[in-house]
Structure formats: structure tokens, C-alpha cells
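Take a look at the structure below.
Proteins come first, then strands; the chains are lettered A, B, ... in the order of their sequence lines, and each starts at number 1.
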2 protein chains.
Amino acid sequence: MATVDTTRGGEAQRTLRADARRNRERVLAAASAAFAEEGFDVGVAAIARRAGVGTGTLFRHFPTKLELEVAVVLERAAGMSENLQAALAEPDPWEAFTTLMTRIVEQTSSDRCLGQATKPELLGDPRIQELQDELLRGVEEILRRGRDAGVLRRDVTAEDIPVLASAIGTTMERFRTSQPELWRRYLGVVLDGLRADGAAPLEPGPPGPDLLSGTC
Amino acid sequence: MATVDTTRGGEAQRTLRADARRNRERVLAAASAAFAEEGFDVGVAAIARRAGVGTGTLFRHFPTKLELEVAVVLERAAGMSENLQAALAEPDPWEAFTTLMTRIVEQTSSDRCLGQATKPELLGDPRIQELQDELLRGVEEILRRGRDAGVLRRDVTAEDIPVLASAIGTTMERFRTSQPELWRRYLGVVLDGLRADGAAPLEPGPPGPDLLSGTC
DNA sequence: CGCTAACCGGAGCGGCCGCTCCCCTTGTGC
DNA sequence: GCACAAGGGGAGCGGCCGCTCCGGTTAGCG
């Protein structure tokens with residue numbers, strides 16, 4: 001489950017020349033780093049330069065910039081899958097939940113593209129939707145444990161988690177250099193607001209599946 | 001205090017022809033509406049069209065787009081001042097705090113430019129900094145009452161409030177049409193995380209004055 | 001070793017955006 | 001009412017960005 005296959009449908013490029021394969025990897029790595037540091041706003045020229053190739057080469061492997069963004073986001077999903085595994089391995093339900101939230105928010109705070117992955121063009125992509133659904137099922141399992149143990153408020157849904165994570169993550173972007181650990185402060189507030197004891201019931205409904213969620 | 005003078009230093013345009021004054025107002029109103037609906041990303045052409053003037057006219061009154069953004073944000077500050085007054089008028093300390101948070105988050109959720117007002121070019125402007133400081137002093141008063149009454153956790157600072165508000169507000173942007181009241185849900189979580197009972201102490205320090213805050 | 005198809009790269013295209021320039025219009029004081 | 005300065009408006013400039021096109025290069029196979 002944790003393995004993410006970025007070569008979906010993967011028989012298209014079976015015969016790929018050695019240099020082509022290498023360049024594809026370099027572009028993907030450069031995009032991954034650039035998106036993490038500067039967000040999706042970086043120009044393709046900067047990515048190509050960073051990869052040591054021309055823009056022509058970049059666009060052969062990824063016919064559009066959005067395609068490149070999708071590839072990077074799918075790659076990130078592997079990390080999120082790891083977060084889920086780590087949380088599921090935690091015996092104590094509350095510890096499992098806090099582990100999940102901490103890891104997600106930590107990554108979202110240090111990686112600009114994770115917070116920006118909520119933009120509609122990306123969420124509309126079927127490959128990303130599929131992966132998101134898979135991750136949400138894992139999150140639901142963590143939440144169920146917490147609710148059953150009576151440590152987590154009962155009205156939290158899986159869809160709330162990416163929303164809360166991206167809220168903290170994107171807002172912390174401008175403190176990344178000055179106070180890189182500041183996200184812990186606000187995660188603390190949210191976690192206190194999500195524990196079972198003494199919480200008022202949540203307001204309207206959870207965000208429906210109509211328009212949902214960050215990359216989780 | 002609630003009065004915000006957008007004509008700072010205001011003796012420059014004392015002799016302003018009638019049509020010029022009227023056009024200036026129309027541009028400001030158009031920008032205000034456009035920024036609220038679409039954020040600061042809208043082009044100046046769209047604003048000018050909306051105001052029924054040419055771009056030349058727009059740039060005479062506001063020599064740069066940033067200047068126009070500043071003018072709109074300063075205008076918004078009046079609304080925030082009202083929020084403060086409403087909260088200060090509330091006798092119960094917790095009610096005062098929730099009133100403040102609710103009004104701030106509500107406005108930030110329905111007005112895109114409020115969430116985007118955290119960008120450095122705007123926060124760097126001395127007029128905005130001055131206004132922000134004034135608002136923060138009012139917020140501090142509300143927090144002091146809550147802490148003294150023992151209903152609010154003691155480690156919350158005034159700088160936390162705009163951070164939390166813009167976190168919720170900007171994240172709710174993509175639900176504005178589908179679920180315009182969703183912000184209440186997450187505000188509820190945050191408020192529960194901020195009340196005095198049963199909360200763990202907040203993590204690192206508050207955001208220092210080095211790089212601070214949304215428009216509040 | 002040589003041939004060919006696959007691949008590389010960057011000049012350049014079209015479109016957008018903030019901003020300027022300048023000719024024409026219009027409000028205002030005498 | 002006239003003269004003139006102040007204001008209005010939009011064509012156009014420069015720069016950026018995603019993307020394409022094509023001449024030169026190179027890997028891979030027999």
C-alpha cells in the first residue's frame with residue numbers, strides 16, 4: 001500500500017533510452033525540490049535549469065506543467081502513506097492520532113507544494129483522487145480507534161484531517177525560515193480542540209465529498 | 001478609534017476636481033469588491049473595467065497596484081475595528097472572545113483579500129503596520145479579560161489571533177461557494193482548543209514581532 | 001563501425017499583466 | 001463664455017511564462 005507507482009499504466013515507456021530515463025529522473029527530482037522550496041509558482045525554466053536540461057526535454061517527459069505537478073504530488077503520497085503506517089503501528093489510540101497529525105502537519109509545513117496541492121486542477125485528477133481516497137480510508141481507521149477508545153471527539157471525520165493540516169501548513173509558510181517549529185504551537189491548539197473531554201459539538205457538517213480536501 | 005483615515009497625510013489632494021474625486025471612489029470600490037471576490041490576483045484591467053474607467057485613470061490615483069491593495073486593506077481595517085468594539089462591549093469575557101473570533105473569521109472567510117493580506121509587501125507597509133499594532137492592542141485587552149476570568153488559556157498571545165483567523169479563512173476559500181458556513185466547524189475546534197480547561201501548554205513561543213501576523 | 005531513430009536543447013511564439021505615454025475631453029476660475 | 005490646466009482613456013511597451021519547433025547530437029543495434 002505504501003508503494004506508489006508513478007508510472008501508472010506503466011507499459012508506455014518500456015523501451016526508454018538510457019539518457020532519456022536518466023533525464024526524466026533528474027527533472028522529477030529538480031521539480032520535487034523546487035516545488036517544495038518555492039511552491040508551484042516556480043517557472044519551468046528554473047526547474048529545467050536545476051535539472052541541467054533544456055525546457056524542451058522537460059516538456060517531452062511531462063507534456064504540461066500540471067502533469068509534472070501531478071507526478072510530484074503522487075510521489076509525496078508515498079510519504080503520507082508512511083505516516084499512516086507509523087500511526088497505525090502505535091498501540092495507544094490517542095498516541096496514534098497525534099503521531100498522524102504531527103507527521104502530516106510537519107511535512108505540510110516544510111513542503112510548500114503539499115499545502116498548495118489543494119488547487120482544483122490537481123484535486124480533479126483521477127490518479128490523485130484515487131490515492132486520496134486510499135489515504136482517507138487509513139485515516140478513518142485511526143479516527144475509529146480514537147472514537148472507540150473515547151479519547152477523540154465523535155464528530156471528527158477523515159475529511160477534516162487534511163483540511164486542518166493544510167490550514168496550519170500553508171499558514172506557517174511565511175514563518176518557515178524565522179520560526180520553523182511554530183506549527184507545533186497551533187497543532188497543539190487543534191489537538192486540544194479535538195480530544196473528547198469538554199468539547200462542544202462541531203458546527204455544521206463535515207466537508208462533503210463534493211469538493212474535498214488537501215493531499216492529506 | 002474605529003475611524004480609519006485612508007487619506008493619510010491628507011493635504012496632498014485637497015484641490016481635487018469633482019470628476020477626479022468621483023472616479024477615485026469608483027476605482028476604490030471596484031477594487032474592494034474585486035479583491036474580496038477573487039483575491040489580489042485580479043488584473044488591474046478587470047478592476048478598471050468594473051469601475052468604468054481606463055487603466056490610465058486607475059494608475060493616476062494609485063500609482064502602483066500595491067498602493068491600491070494597501071488602500072483596500074486600510075479600508076478593511078475599519079471593519080476589524082468594529083469587530084473589536086463589538087467584542088469589548090460584551091460583558092462576559094468568554095463571550096467577548098468568541099464574538100471577536102467569530103466576526104474576524106467570518107470576514108476572513110468571505111473576503112479573499114483579508115487572508116491574502118499576510119503577504120510581505122503589504123505587511124511591510126508602515127501604514128498597515130501601524131494599524132495592525134493598534135488592533136493588536138485591542139485584542140490584547142480581550143485576551144487579558146479572558147485570562148483574568150480563568151476561561152482562556154494563559155499562553156495565548158494577541159499575535160496568535162490573526163494567525164489562527166487567516167489559517168481558517170484562507171483554507172475555507174475553496175468551500176466558499178459549496179459550504180459557505182464551514183468555517184464555523186473549524187472555528188469551533190480552535191475555540192475548544194483555546195479555552196482554559198484541560199489544555200496542554202502551547203508548544204514553542206508565540207510568533208515574535210520579527211515577522212508577524214495577518215491584518216487581524 | 002556505421003546507420004538510424006530517438007533524444008536533446010534553446011530560440012522563439014503567443015498571451016497575459018503591470019505600467020506608461022500622449023492625445024483628447026472636461027471641469028473650473030476669471 | 002473663454003482659456004487653460006487638470007483629468008480621462010486606451011493603445012502600446014517591456015517582461016514573464018508556459019509551451020512548441022526544429023537543427024544538431026548521441027545511444028543502441030546489427
Side-chain angles (χ1 to χ4, degrees), chain A residues 7 11-31 34-35 37-73 112-113 116 119-122 124-125, chain B residues 7 11-31 34-35 37-73 112-113 116 119-122 124-125:
Chain A
T7 65
E11 67 280 346
Q13 79 293 5
R14 62 199 173 288
T15 318
L16 201 63
R17 233 167 69 173
D19 55 345
R21 178 147 205 80
R22 198 187 58 220
N23 272 343
R24 205 194 115 94
E25 293 305 314
R26 294 175 69 181
V27 168
L28 197 54
F35 286 157
E37 291 171 16
E38 313 182 45
F40 290 134
D41 305 332
V42 282
V44 286
I47 297 174
R49 205 181 314 122
R50 195 164 183 156
V53 304
T55 61
T57 304
L58 187 151
F59 280 108
R60 173 152 339 96
H61 293 299
F62 303 92
T64 187
K65 191 190 179 187
L66 184 63
E67 204 64 32
L68 187 53
E69 295 175 2
V70 169
V72 169
V73 170
R112 295 184 86 132
C113 87
Q116 295 180 356
K119 65 177 183 178
E121 308 96 294
L122 282 176
D125 187 284
Chain B
T7 63
E11 67 279 347
Q13 79 291 7
R14 60 195 174 290
T15 319
L16 200 61
R17 237 169 64 174
D19 55 345
R21 178 147 207 82
R22 198 188 58 221
N23 273 342
R24 203 194 118 96
E25 293 306 314
R26 294 176 70 180
V27 168
L28 198 54
F35 286 157
E37 291 170 18
E38 314 182 44
F40 290 134
D41 305 333
V42 283
V44 286
I47 297 174
R49 204 179 318 124
R50 194 165 185 155
V53 303
T55 60
T57 305
L58 187 152
F59 280 108
R60 174 157 333 101
H61 293 299
F62 303 92
T64 189
K65 190 189 179 186
L66 184 62
E67 206 64 31
L68 187 53
E69 294 175 4
V70 168
V72 170
V73 169
R112 294 184 86 132
C113 88
Q116 295 180 357
K119 66 177 185 180
E121 307 97 295
L122 282 175
D125 188 285

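The side chain of B/His61 places an N or O atom within less than 4.0 Å of a non-bridging phosphate oxygen (OP1 or OP2) of D/dG8. OP1 or OP2 of D/dG8 lies within a sub-4.0 Å distance of a side-chain N or O belonging to B/Asn23.
Scanning residues 44-57 of chain B for heavy-atom distances under 4.0 Å to DNA chain D yields B/Gly52, B/Val53, B/Gly54, B/Thr55, B/Gly56, B/Thr57.
Sorted by first and then second residue, the ring-ring contact (aromatic ring centres under 6.0 Å, His included) pairs involving residues 41-67 of chain A (not counting sequence neighbours) form an empty list. For the salt bridge (Lys or Arg N to Asp or Glu O under 4.0 Å) condition, the pairs that include at least one residue of residues 55-71 of chain B, sequence neighbours left out, are B/Glu67-B/Arg127, B/Glu69-B/Lys119.
In this structure, the CZ atom of B/Arg60 is 9 Å from the P atom of D/dG9, given to the nearest Å.
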Kindly list each side-chain donor-acceptor pair under 3.5 angstrom involving residues 38-58 of chain A, sequence neighbours excluded, with atom names and distances?
| unit_1 | atom_1 | unit_2 | atom_2 | d |
| --- | --- | --- | --- | --- |
| A/Arg50 | NH2 | A/Glu37 | OE1 | 3.4 |
| A/Arg50 | NH2 | A/Glu37 | OE2 | 2.9 |

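Counting any heavy atom pair closer than 4.0 Å across all strands shown, B/Val27 reaches no nucleic acid atom.
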Report each atom pair, protein N/O against N/O of nucleotides 27-30 of chain D, whose distance is under 3.5 angstrom.
| unit_1 | atom_1 | unit_2 | atom_2 | d |
| --- | --- | --- | --- | --- |
| D/dG28 | OP1 | A/Ala18 | N | 3.0 |

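Bracketed by its first and final contacts, the part of DNA chain C lying under 4.0 Å from non-hydrogen atoms of chain B reaches from C/dG18 to C/dT28 in 5' to 3' order.
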